Amino acid sequence: MAEGTTIHWFRKGLRIHDNPALLAAIEKIDGIHYELRPVFVLDPWIVKKLRVGPNRWRFLQQALTDLDNNLHSIGSRLYVLRGKPEEVFPRVFLEWRVRKLTFESDTEPYALERDASVEKLARSAGVSVIQKVSHTLYNPESVIHANLGKPPLTYQKMLSVLDSLGPPVCPVATPKDLPQACLPSRGAPGDNTLMVPTLEELGVEEDQLGPCLFLGGETCALQRMRDCLKNKTWVCKFEKPNTSPNSLEPSTTVLSPYLKFGCLSIRTLYHQLKQTIGNASHSKPPVSLIGQLMWREFYYVVAAGTPNFDKMVGNPVCCQVPWDTNPKYLEAWTKGQTGYPFIDSIMTQLRQEGWIHHLARHAVACFLTRGDLWISWEEGQKVFEELLLDADWALNAGNWMWLSASAFFHQFFRVYSPVAFGKKTDKFGDYIKKYLPVLRKMPPEYIYEPWKAPLSVQQKAGCVVGTDYPRRIVLHEDVYKKNIARMSQAYKDNKTDSGVASKRPADKMTSRTKTKK
DNA sequence: TTACAGGTTGTAGGC
DNA sequence: AGCCTACAACCTGTA
């Protein structure tokens, strides 16, 4: 029997289907198979520091459990190591006589740093390292390179660059039964060691959790994808702007949490969508389902090529806006107590269930930033990062900049109404009633604007504004006009570069992307 | 240099 | 229901 092991390090990419780095771990070295040790590293110290709410911890815990099961089905298992990767790996490199380390490339800044350190440690321990790109349809570096060293800053430009690169590569095969030599050996850690953590170990208490509507893991991801693809007409006709932000059941796929953790391969989804559509007439990007995947790709590419992408200051694509610091408004927004039922119901759904419709995100994001409260998008980003099951670094930052008209989107005079927008798709306010039971008996004509109901009506509904439900914290009809003017001024100031941090000229961007490896 | 078209997903009001 | 306009007017990419 061969001496030594190979490690596949799971971080994102929590799946065995379309996992090229996992396949690379199974491949022979110099004609010999080595024992496979699939690993997930849990850093107990960082667990407490991360902005991860209870619902997402649960999702991750479920995803790891499912991954362990799927690895068992091919004769292996998941080993969950505890500690900092930079400390844990050097130890197991020796203990396990590791020959090869494989993992999926990750473009987030903290991950780049972490992976560079681990790679260095691996090399000095004589461990060869293989990285594979499979979290995105294209390698973001290649897209940037094809666009002459800078990330494309418009969606259409992005599409044309991707077009020049050809179609995305096909998914790779799911490993079936592993070769005998790859299976756990007698010297492998025991069955009851290095187990998937419990929720308790992750510091999650039962009473912090909302209902579990989306079970984490590859198995559910693939099932959900299949269910979505069953309805070919729906897939072909899908247009995002025409889906409802406030239906009682999700009007979109809710595959995002699975894509975030890589329980579902983006490439598998892409090719399955293409296959489902076939030759039928169909909607097109940017509004189609394929178009949604391309938005994800867009933000990944820009994020990979932009320093300080999750901040305003020092971010060359971000408009510098003098946002207010207003803890009271921020708290009201975060807790769903703005006094606008549409906004508050969305924030309640977010906290309880961990997923809200994309357009619902628009409504609350616009409200927090340029529309009403004039609070920095970075504050909203933090709240979403904690509460969303699908919280994804690049997409979260990118979309917050979009909604706050700080980047990518510039028509800041288009402001969502916290009253009118929701009415278009939910005239009677059923969604509001679901998430804000206090408004259950409010007549439909007042449910979006309970402050307009006569006191007798409020009393009869058991919901008196100021007592049972908050007064609205701002008057939208007044404040949005002032904010448009402020936004206009901010744009002017950015153009003349007065007073605020550096802006954008194209030459700066070129040098910036060159600093990235 | 300047002009113009287009930009996933605004609102209110009119026909 | 769906389409039109006014509102005030942004940006980027292209010619």
Side-chain angles (χ1 to χ4, degrees), chain A residues 147-148 150-161 163-164 237-247 250-253 256 282-299 302 306 316-321 340 342-343 346 356-367 369-372 395 398-427 448-449 475-497 503-506 508-509:
Chain A
N147 195 47
L148 309 175
K150 50 187 191 296
L153 292 180
T154 67
Y155 183 81
Q156 299 301 336
K157 182 74 183 160
M158 229 292 287
L159 288 186
S160 76
V161 175
D163 198 49
S164 75
K237 287 192 171 158
F238 185 94
E239 292 188 349
K240 187 64 158 280
N242 295 335
T243 58
S244 168
N246 49 4
S247 51
S251 62
T252 49
T253 66
S256 53
H282 56 88
S283 55
K284 301 242 157 55
V287 295
S288 63
L289 280 170
I290 292 280
Q292 304 313 303
L293 272 48
M294 294 306 172
W295 280 106
R296 177 178 183 274
E297 206 70 12
F298 173 65
Y299 287 125
V302 188
T306 308
V317 306
C318 185
C319 185
Q320 305 296 303
V321 179
Y340 285 92
F342 182 55
I343 300 298
I346 293 168
I356 51 177
H357 186 277
H358 186 65
L359 291 177
R361 303 179 196 202
H362 277 219
V364 297
C366 183
F367 188 87
T369 58
R370 66 187 169 86
D372 295 83
L395 277 54
N399 277 309
W400 272 101
M401 281 187 269
W402 181 290
L403 258 300
S404 60
S406 298
F408 315 119
F409 172 85
H410 309 280
Q411 292 154 287
F412 54 75
F413 39 87
R414 291 188 181 173
V415 177
Y416 289 91
S417 161
V419 171
F421 187 65
K423 283 185 185 172
K424 286 191 289 189
T425 43
D426 180 22
K427 203 169 115 189
Y448 284 86
E449 308 168 272
L475 304 184
H476 175 76
E477 59 273 26
D478 295 342
V479 82
Y480 92 90
K481 287 180 188 159
K482 289 176 195 156
N483 288 346
I484 287 175
R486 287 212 264 188
M487 209 64 205
S488 179
Q489 189 59 48
Y491 268 63
K492 282 196 189 95
D493 291 346
N494 273 256
K495 236 192 250 177
T496 54
D497 234 353
K503 259 300 275 183
R504 181 170 351 172
K508 268 188 198 167
M509 300 249 295

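In this text, all values refer to a predicted model and were calculated from it rather than measured experimentally. Naming convention: chains lettered A, B, ... in sequence-line order (proteins, then strands); numbering from 1 in each chain.
- Using a 4.0 Å heavy-atom criterion, one finds that A:F409 contacts no nucleic acid atom at all.
- Nearest to the side chain of A:F413, among B:dT8, C:dT14, C:dA9, sits C:dA9.
- Between A:Y480 and A:H476, the ring planes lie parallel to each other; the angle is under 30°, not in the 30° to 60° tilted range.
- Comparing B:dT11, C:dC10, B:dT9 by their nearest atom to the side chain of A:W402 picks out B:dT9.
- Distances shorter than 4.0 Å separate some side-chain N or O of A:Q156 from OP1 or OP2 on B:dT8.
- Of the candidate nucleotides B:dG10, C:dT12, B:dT8, B:dG10 has the atom lying nearest to any side-chain atom of A:R414.
- Residue-level contact check: A:K424 touches the backbone only, with heavy atoms under 4.0 Å from sugar-phosphate atoms and none from bases.
- Taking atom CE on A:M158 and atom C1' on B:dG7, their separation rounds to 16 Å, with Å as the unit.
- Comparing atom distances between the A:Y416 side chain and each of B:dT11, B:dG7, C:dT12 picks out B:dT11 as nearest.
- With hydrogens and angles disregarded, a donor-acceptor distance shorter than 3.5 Å links the side chain of A:R370 to the backbone of A:L403.
- Side-chain contact check for A:F298 versus A:L159: every heavy-atom pair is 4.5 Å or farther apart.
- Here the nucleotide nearest the side chain of A:S488, chosen from C:dA9, C:dC11, B:dT8, is C:dA9.
- Rounded to a whole Å, the CZ atom of A:F298 is 12 Å from the P atom of C:dT12.
- Under the 3.5 Å distance criterion, the side-chain polar atoms of A:Y155 are left unmatched by any main-chain donor or acceptor of A:P285.
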Worksheet item: Which dot-bracket string describes DNA chain C (Watson-Crick N1-N3 plus N6-O4 or O6-N4, or G-U N1-O2 and O6-N3, all under 3.5 Å; [ ] crossing; | other strand)?
Response: .||||||..||||||

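- Comparing B:dG10, B:dT8, C:dT14 against the side chain of A:K157 picks out C:dT14 as the nearest.
- Listed for the A:R296 side chain is no donor-acceptor partner under 3.5 Å among the backbone atoms of A:L395.
- Between A:W402 and A:F408, the ring planes are parallel. Angles under 30° get that label, and only those over 60° would be called perpendicular.
- Across B:dT8 and C:dA6, the matching C1' atoms stand 23 Å from one another, rounded to whole Å.
- Checked by atom type and distance alone, the side chain of A:D426 never pairs as donor or acceptor with a backbone atom of A:G422 at under 3.5 Å.
- By the 4.5 Å heavy-atom criterion applied to side chains, A:N147 and A:K157 are counted as neighbours.
- A side-chain donor-acceptor contact under 3.5 Å links A:T243 and A:H357.
- Between A:P316 and A:T306, some side-chain heavy-atom pair lies under the 4.5 Å cut-off.
- Heavy atoms of A:F412 sit under 4.0 angstrom from primed sugar atoms or phosphate atoms, though from no base atom.
- Residue A:F367 contributes atom CZ, which lies 19 Å from atom C1' of B:dT9 at whole-angstrom precision.
- Following rounding to the nearest Å, A:L159 (CG) and C:dT14 (P) show an atom-to-atom distance of 13 Å.
- If you check B:dT8, C:dC10, B:dT9 against the side chain of A:Y491, the one that comes closest is C:dC10.
- When the P atom is compared between B:dG6 and C:dT5, the two are found 15 Å apart, to the nearest whole Å.
- Note: CZ (A:R370) to P (C:dA8) measures 17 Å, nearest angstrom.
- For the pair A:K495 and C:dC11, the criterion of a side-chain N or O lying under 4.0 Å from OP1 or OP2 is met.
- Across residues 285-296 of chain A, A:P286, A:V287, A:Q292, A:W295 each have a non-hydrogen atom less than 4.0 Å from an atom of DNA chain B (numbered order).
- On the P atoms, B:dG7 is 23 Å away from C:dA9, given to the nearest whole Å.
- As a whole-Å value, the separation of A:Y480 OH from C:dA9 P is 12 Å.
- Rounded to an integer number of Å, the gap from NZ of A:K240 to P of B:dG10 is 14 Å.
- Using cut-offs of 30° and 60° on the angle between ring planes, the pair A:F412 and A:Y491 is tilted.
- Rounded to whole Å, the distance from NZ on A:K150 to C1' on C:dT12 is 12 Å.
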